[in-house]
Amino acid sequence: MPELPEVETIVRELRPLVVGRTIRDVWFDWPNQIKHPAPADFAARARDREIMAVERRGKWVIMSLGPQDAPYGEPAPAVLAIQVKMTGQLDVIPLGMPRDGHVHAVLALDDGNELRMRDTRKFGRLAVYSPSEAERVLGALGPEPLAEAFTVAEFRHLLRRRKARLKPLLMDQAFLAGVGNIYADEALWRARLHPLRSANGLRADQESALYRALRDVLSEAIEHRGSSVDDYRAPGGIGQMQHRLNVYGRTGKPCPRCGRPTRRMVIGARSSHFCSWCQRLPARERTPQAQALLARAE
DNA sequence: CATTACCTGCAA
DNA sequence: TTGCAGGTAATG
């Protein structure tokens, strides 16, 4: 399930394969995956544009497209934005290679290759935006946790304005861009914080620990090309970070730090994994709702 | 703020 | 055959 490190890996591996190429044709067979503009207009908006750059913003793959050079094309640049969500895979391979039934979008490039998205569950989305539309959509995202400009002081400030539980808050893309279920659980484990803790109830040293934990785990995951737990695969193959996860998907297994069992509980309709000992919830934060959730933990 | 729809594959 | 997995948009 691609989060920041997985999308970063996809972007790095895609970049040398598509930058400088021009999109010559567009095909798709599942219009629901076209987020913008209307599916009927999508191909015309994307066609005959050069891919100038490939970047990541949160969990989005962002391709800057040059102006259309076709006779009646738009003289303005555009942005191709792709969300791979749960099961999307991007590949650049020779045009016309056999497709299985899960390839639902293909961009033909001018070098005889195609950029294809394979997506079993069809949650992935493709959009072509004008630069100002892209700015609006991406502007709704929170800060990039690995950006140099993202300091512990800023993180502290953001945490103190929110009373929400840490787990759903870390996954809120408007709060912080790019963190999903895996790395939220892993960062909380590293920082020894219970997922139900309130953001504005942390001590200063705990705020710093969480900042460091987030940056460390995301950087380490990028070094290992992401976690291939289900369908995630970058253009260069699967990642290796799944072997280095300490709590995610390890329900019942011993905590690598203290040996006590890893527990799993449902918070905001998503599973959370945490150490029953290292990440205790202070008595002060054991509200009736928290107690009820904890009672249902495995 | 919490829940549901979107989807399919696969485990129970 | 049911239900769960989960990122995000949409809805209550």
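Within every chain, numbering begins at 1; the chains are lettered A, B, ... in the order of the sequence lines, protein sequences first and strands thereafter.
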Requested in this report: Look at the side-chain heavy atoms of Ile, Leu, Val, Met, Phe, Trp and Tyr, link any pair under 4.5 Å apart, and say whether A/V61 and A/I34 land in one connected group.
Outcome: yes

Query raised in the report: Counting distance only, does the side-chain N/O of A/Q33 pair as donor-acceptor with the main-chain N or O of A/H104 below 3.5 Å?
Result: no

Query raised in the report: More than 12 heavy atoms of other residues, nucleotides or ligands under 6.0 Å from CD of A/E135: is that the case?
Result: no

Query raised in the report: Can you tell me if A/E8 uses its side chain to pair, donor with acceptor, with the backbone of A/R56 under 3.5 Å?
Result: no

Query raised in the report: Heavy atoms under 4.0 Å, any strand shown: does A/Y248 hit a base, just sugar-phosphate, or nothing?
Result: sugar-phosphate

Query - Divergence of helical axes at both termini of the helix from B/dC1-C/dG12 to B/dA12-C/dT1 - five pairs an end, 10° steps - result: 60°

Query raised in the report: Hey, are the side chains of A/M241 and A/E220 touching, using non-hydrogen atoms and a 4.5 Å cut-off?
Result: yes

Report task. Could you name each residue pair satisfying ring pair (Phe, Tyr, Trp, His ring centres under 6.0 Å) that touches residues 109-153 of chain A, not counting sequence neighbours? Result -> A/H36-A/Y129, A/F150-A/F155, A/F150-A/Y211

Requested in this report: Please report, rounded to the nearest Å, how far the C1' atom of B/dA5 is from the CE atom of A/M86.
Outcome: 14 Å

Report summary line: B/S/- along nucleotides 6-12 of chain B (protein heavy atoms under 4.0 Å) is BBBS---

**Report entry** Whether A/E114 side chain and A/I93 backbone form a donor-acceptor pair below 3.5 Å
**Finding:** no

Query raised in the report: Once you round it to whole Å, what is the distance between P of B/dC1 and CG of A/L293?
Result: 14 Å

Identify each atom pair where a protein N or O and an N or O of nucleotides 1-4 of chain C are less than 3.5 Å apart, giving names and distance.
none

Query raised in the report: Are A/R270 and C/dA5 close enough that a side-chain N or O sits under 4.0 Å from OP1 or OP2?
Result: no

Query raised in the report: What's the CD1-P distance between A/I82 and C/dT8, to the nearest Å?
Result: 15 Å

**Report entry** Modelled atom types, side-chain donor and acceptor of A/R156 and A/S208, under 3.5 Å
**Finding:** yes

Query raised in the report: A/Q33 has an atom CD; how far is it from atom P of C/dG7, in whole Å?
Result: 17 Å

Report summary line: In short, salt bridge (Lys or Arg N to Asp or Glu O under 4.0 Å) pairs touching residues 82-93 of chain A with sequence neighbours left out are A/D91-A/R233

Query raised in the report: Just checking A/S271: base, sugar-phosphate only, or nothing, at a heavy-atom cut-off of under 4.0 Å?
Result: sugar-phosphate

Query raised in the report: Within 45° of the ring axis of A/W277 and under 6.0 Å from its six-membered ring centre, is that where the NZ or CZ of A/R257 lies?
Result: no

Query raised in the report: Whole-Å distance between B/dT3 P and A/I267 CD1?
Result: 13 Å

Requested in this report: Calculate the interatomic distance between A/L138 atom CG and C/dT8 atom P; express it in whole Å.
Outcome: 12 Å

Query raised in the report: Under the side-chain hydrogen bond (donor to acceptor under 3.5 Å, both in side chains) test, which residues partner A/D110, sequence neighbours left out?
Result: A/R21

**Report entry** A/Q83 side-chain N/O to C/dG7 phosphate OP1/OP2 under 4.0 Å
**Finding:** no

Report task. Let me know the distance between NE2 of A/H273 and P of C/dA5, rounded to the nearest Å. Result -> 8 Å

Requested in this report: Ignoring hydrogens and angles, tell me if any N or O in the side chain of A/Q173 forms a donor-acceptor pair with the backbone of A/M171 under 3.5 Å.
Outcome: yes

Query raised in the report: Expressed in angstrom and rounded to an integer, what is the separation of A/F175 atom CZ from B/dC1 atom C1'?
Result: 16 Å

